[in-house]
Amino acid sequence: MDYPSTLEIIGAATGLVSVYFATRPHIATWHFGIISQIAYFVIFYDAQLYSDMFLQVFYTVLCIYGIKNWGAANDLPITVLPKSIKLRDSILLVSMGLGWGTVMFYLPVWLPSLFPQAAAFPYLDGFIGVMSVFATFYQAQKRVESWWLWLVTDIIAVPLYWYRELHFTAILYAIFLAMAFIGYQSWQKQLKVGAL
């Protein structure tokens, strides 16, 4: 597949709209997210970024959770994670990242007919996947920390996607990085207003 393909343009455009709505925060973020995830499932399979491919399935499930959790009234307040949960989730994130990277490393060995080529950067890709799941889950709960995870994820993803010649997607994630700063600032302001 040559990039940027029509599918990559659709995935990128709907992904941008989704993140834009997340910075507001608006429930439409989840609807546009689902469209983007379907497109990127195919794109990442083709690029042998299997962790990112599977991540799209988790994203879709979390989008459905986000639609349900935010609700039509969009009245879920923005909050911060308690310190005990931050510590627990940090340990869980590192453990899951290492575990997922190992699964991605051996996936072509276990299922060679489905994954005939070795995974590209399985551990780095695995951590991007795990951090993204945590960030999306936190976002569905309207936790400010979701934006910090997106910042770290995007900083790692941009050079990886560029190196894998997904230049359009790398540029998209650079834009996501800027939008994560905006989202954090927006949610932080709303958090302070809600605390008054």
Side-chain angles (χ1 to χ4, degrees), residues 1-16 18-19 30-67 88-140 146 149-177 180:
M1 187 179 291
D2 292 325
Y3 293 100
S5 65
T6 303
L7 194 58
E8 189 175 12
I9 292 168
I10 290 169
T14 54
L16 279 172
S18 174
V19 175
W30 306 112
H31 299 96
F32 282 96
I34 290 171
I35 297 167
S36 181
Q37 283 124 33
I38 292 168
Y40 271 102
F41 182 90
V42 176
I43 291 164
F44 287 132
Y45 176 81
D46 185 59
Q48 298 136 323
L49 294 171
Y50 303 136
S51 182
D52 279 318
M53 179 196 73
F54 285 119
L55 176 61
Q56 304 314 305
V57 175
F58 288 109
Y59 274 156
T60 302
V61 170
L62 288 171
C63 280
I64 294 165
Y65 172 72
I67 290 168
R88 180 204 67 193
D89 284 1
S90 296
I91 293 167
L92 192 59
L93 190 149
V94 170
S95 300
M96 289 176 69
L98 290 170
W100 190 245
T102 301
V103 169
M104 292 303 104
F105 181 82
Y106 285 106
L107 194 62
V109 174
W110 298 332
L111 299 169
S113 61
L114 291 175
F115 303 96
Q117 298 182 21
F121 303 96
Y123 289 96
L124 193 58
D125 191 33
F127 271 100
I128 289 171
V130 171
M131 285 189 296
S132 297
V133 168
F134 273 77
T136 305
F137 181 67
Y138 291 162
Q139 202 160 40
S146 66
L149 275 176
W150 283 127
L151 289 167
V152 173
T153 302
D154 295 340
I155 287 168
I156 296 169
V158 169
L160 175 63
Y161 296 155
W162 190 269
Y163 182 78
R164 293 300 296 163
E165 298 184 8
L166 295 172
H167 300 131
F168 195 77
T169 301
I171 292 166
L172 172 68
Y173 272 73
I175 295 168
F176 285 162
L177 178 61

Checklist entry - If you round to the nearest 0.5 Å, how far is CZ of Arg164 from CZ of Phe121? => result 7.0 Å
Item to check | Atom pair CD1/SG of Ile34 and Cys63 - distance to nearest 0.5 Å | outcome: 5.0 Å
Checklist entry - What's the spacing between Leu55 CG and Leu62 CG if we round to 0.5 Å? => result 9.0 Å
Next on the checklist: For Trp150 and Met131: C-alpha separation, side-chain torsions, deciding distance, then whether side chain to side chain contact (heavy atoms under 4.5 Å, CB included) applies.
Outcome noted: CA-CA 8 Å; Trp150 283 127; Met131 285 189 296; over 6 Å; no
Checklist outcome for this item: Rounded to the nearest 0.5 angstrom, the CD-CD1 distance for Glu8 and Ile43 is 5.0 Å
What pairs of donor and acceptor atoms, side-chain ones from residues 151-163 against any protein atom, are under 3.5 angstrom apart with sequence neighbours left out?
unit_1, atom_1, unit_2, atom_2, d
Thr153, OG1, Leu149, O, 2.7
Asp154, OD2, Leu177, N, 3.4
Tyr161, OH, Asp52, OD1, 3.2
Tyr161, OH, Asp52, OD2, 2.9

Next on the checklist: Is it the case that the ring center of Phe134 lies less than 6.0 angstrom away from the ring center of Phe137?
Outcome noted: no
Checklist entry - If you draw a 6.0 Å radius around OH in Tyr138, do more than 12 non-hydrogen atoms from other residues or ligands fall strictly inside? => result yes
Checklist entry - Rounded to the nearest 0.5 Å, how far does CD1 of Ile128 lie from CG of Leu124? => result 5.0 Å
Indicate every side-chain donor-acceptor pair of residues 92-112 with a distance under 3.5 Å to a residue at least two apart or in another chain.
unit_1, atom_1, unit_2, atom_2, d
Ser95, OG, Ile91, O, 3.0
Trp100, NE1, Ser51, OG, 2.6
Thr102, OG1, Leu98, O, 2.9
Thr102, OG1, Tyr123, OH, 3.0

Next on the checklist: Is it the case that the side chains of Tyr59 and Ser36 hold a donor-acceptor pair, with the cut-off being a distance below 3.5 Å and no angle test?
Outcome noted: no
Next on the checklist: Show, in sequence, the C-alpha distance, side-chain angles and deciding distance for Tyr40 and Thr169, and conclude whether the side chain to side chain contact (heavy atoms under 4.5 Å, CB included) test is met.
Outcome noted: CA-CA 10 Å; Tyr40 271 102; Thr169 301; 3.2 Å; yes
Item to check | Minimal non-hydrogen separation, Ala140 against Gly66, with atom names | outcome: CB-CA, 3.8 Å
Next on the checklist: Looking at Gln37 and Gly33, would you say the former's side chain and the latter's main chain have a donor-acceptor pair under 3.5 Å?
Outcome noted: yes
Next on the checklist: I want to check something: taking the side chain as every heavy atom from C-beta on, are His31 and Ile67 in contact at a cut-off of under 4.5 Å?
Outcome noted: yes
Checklist entry - Is there a side chain to side chain contact (heavy atoms under 4.5 Å, CB included) between Tyr50 and Phe115 once you walk through the steps? => result CA-CA 8 Å; Tyr50 303 136; Phe115 303 96; 3.3 Å; yes
Item to check | Rounded distance (nearest 0.5 Å) linking atom OH of Tyr45 with atom CE of Met53 | outcome: 7.5 Å
Next on the checklist: Keeping Thr136 on the side-chain end and Ser132 on the backbone end, is there a donor-acceptor pair under 3.5 Å?
Outcome noted: yes
